[in-house]
Amino acid sequence: MSKPVVAIVGRPNVGKSTLFNRMAGGLVAIVENRPGVTRDRLYRDAEWLGRKFALIDTGGIEFKAEGTPIAAQMRKQAEVAMDEADVVIFVVDAQIAPTPDDELLARTLRRSGKPVLLVANKVENFEKAEGQLYEYLTLGLGEAIPISAVHGMNMGDLLDLVVSNLPETDGEDYDPDVVRISVIGRPNVGKSSLVNTMLGKERVIVSNIPGTTRDAIDTPFEFEGKHYILIDTAGMRRKGRIEELTEQYSVVRSLHAVDRSDVILMLLDATEGVTEQDKKIAGYAHEAGKAMVIVVNKWDLIEKDEKTINKFEKMIREELGFLQYAPTMFISAKTGQRVNKILELADFVVEQNSTRVTTATLNTLVREWVHLNPPPTDKGRRLKVLYLTQVGVKPPTFVFFVNDPELMHFSYKRYLENQLRKHFGFEGTPIRIVVRQKDEEKE
């Protein structure tokens, strides 16, 4: 099931990024913020009043075309937001009257038919705000909601309105035993070619079903008696007039597909290596806890010797440090090289993502791990690992009960994760570790 998308749009310097950071980092719960995941994000998974949504910041977008009129830029930005978002937050500067660019954005947003919340940022006196903002009624988007993103004023009311406008998420009718595979990546890395090659003559294709992801197609097929659904996100470039934003919003356009998937094929271009955009896309799938395979396409275009694969592997591990667990495949979607091995590996990592370990086995092993590598002391106090249990799958999630969670240093937590992987595999899946306090006297 995919999460709704909320996009923040507006002119430069109206406080879009400040609002984004306030909503994502202050009043809403961030799903995860693990070291090693790129921080240069346009998105955050967020939650308010029990509703989860993906929050998108259009701030910081760089337009490659020099001399492009700002009106054209803003129109393109609004078009992307309209196309991808379920709710749009349109931010204006409360300290000045509506500008021509505000009017242009408002006109574009009105045509979208999407819920648009007009938000007046930088309000200093909320008692006088109503009279101060009457000019914004001319934008035709209703009354402006006064806020101060810097100080967090009126954020609760804004988030209440956001949640009230989110669409209801419907479940899917697919059999739970069906493996759902998403192919994600930047534009032009070969997603369409890979999908077409995977859906070759040897596959029994049932039908093409429009998915909940905009422009994505769900294709159920059968191979060697197993049932799959291939979620193709490659068709997302239908609006050629927004070329400058296509690269930035390939992240946004992967959100729904990732959420609905069991396994992710993260496609890289062998001729370009790992880009910052690849890190953003892979980071979202990682944080969503999905099983993942890193697929390096266009391998046929690389001049190779006996060290080439090792060099690429090292580069990938250095650039995508948070995906040390994900196996890699080097393929050519064009020639079909090794594409026939993808489903086998996808099945394997899905199984790993669902692996359960008994509590008795875990506690026998954790005593051994602690004995071999005792936790370090902190100001004379030593961490004691009292109990370990697995509480979930997809991804595998473990709770370590300890005497004091503050004594659990990041390096020792990483050691425990490495031990879990050493003994049980968990290849191709992230692991979640939760540390909780437990009274020693009850042991």
Can you check whether Leu158 reaches Val162 side chain to side chain, under 4.5 Å on heavy atoms? yes

Side-chain heavy-atom pair Lys279, Glu319 within 4.5 angstrom cut-off: yes

For the pair Phe221 and Tyr228, name the ring-plane relationship: parallel under 30°, tilted 30 to 60°, perpendicular over 60°. parallel

Would you say Asn21 and Thr18 are linked by a side-chain donor-acceptor pair, where the criterion is simply a distance under 3.5 Å? no

Verify, without hydrogens or angle tests, whether Asn418 (side chain) and Tyr415 (backbone) share a donor-acceptor contact under 3.5 angstrom. no

Which is it for Trp48 and Asp160 under the side chain to side chain contact (heavy atoms under 4.5 Å, CB included) test, yes or no, and what are the steps along the way? CA-CA 8 Å; Trp48 181 255; Asp160 286 345; 2.9 Å; yes

Distance (rounded to the nearest 0.5 Å) between Met329 CE and Gln337 CD: 9.5 Å

Asn353 CG to Thr429 OG1 distance, which is reported to the nearest 0.5 Å: 3.5 Å

Is any side-chain heavy atom of Phe312 closer than 4.5 Å to a side-chain heavy atom of Ile302? yes

If you take all heavy atoms of Arg11 and Lys16, which pair is closest and at what distance? O-NZ, 2.8 Å

State whether the side chain of Ser112 and the backbone N or O of Thr108 hold a donor-acceptor pair below 3.5 Å, judged by distance alone. no

Which residues pass the ring pair (Phe, Tyr, Trp, His ring centres under 6.0 Å) test with Phe348, not counting sequence neighbours? none

Straight-line distance of Glu272 CD to Gln277 CD, nearest 0.5 Å: 12.0 Å

For Pro430 against Pro396, the heavy-atom pair lying closest together: O-CD, 3.5 Å

Applying side chain to side chain contact (heavy atoms under 4.5 Å, CB included) to Leu109 and Val9, what does each step give before you reach the verdict? CA-CA 10 Å; Leu109 290 169; Val9 303; 4.1 Å; yes

Taking the side chain as every heavy atom from C-beta outward, state whether Val123 and Asn154 have any atom pair closer than 4.5 Å. no

Do Leu166 and Val6 make a side-chain contact, defined as non-hydrogen atoms from C-beta onward lying under 4.5 Å apart? yes

Examine the side chains of Asp305 and Thr308 and answer whether a donor and an acceptor come within less than 3.5 Å of each other. yes

What do the steps show when you test Arg107 against Glu103 for salt bridge (Lys or Arg N to Asp or Glu O under 4.0 Å), and what is the final call? CA-CA 6 Å; Arg107 188 160 58 248; Glu103 294 172 358; 5.6 Å; no

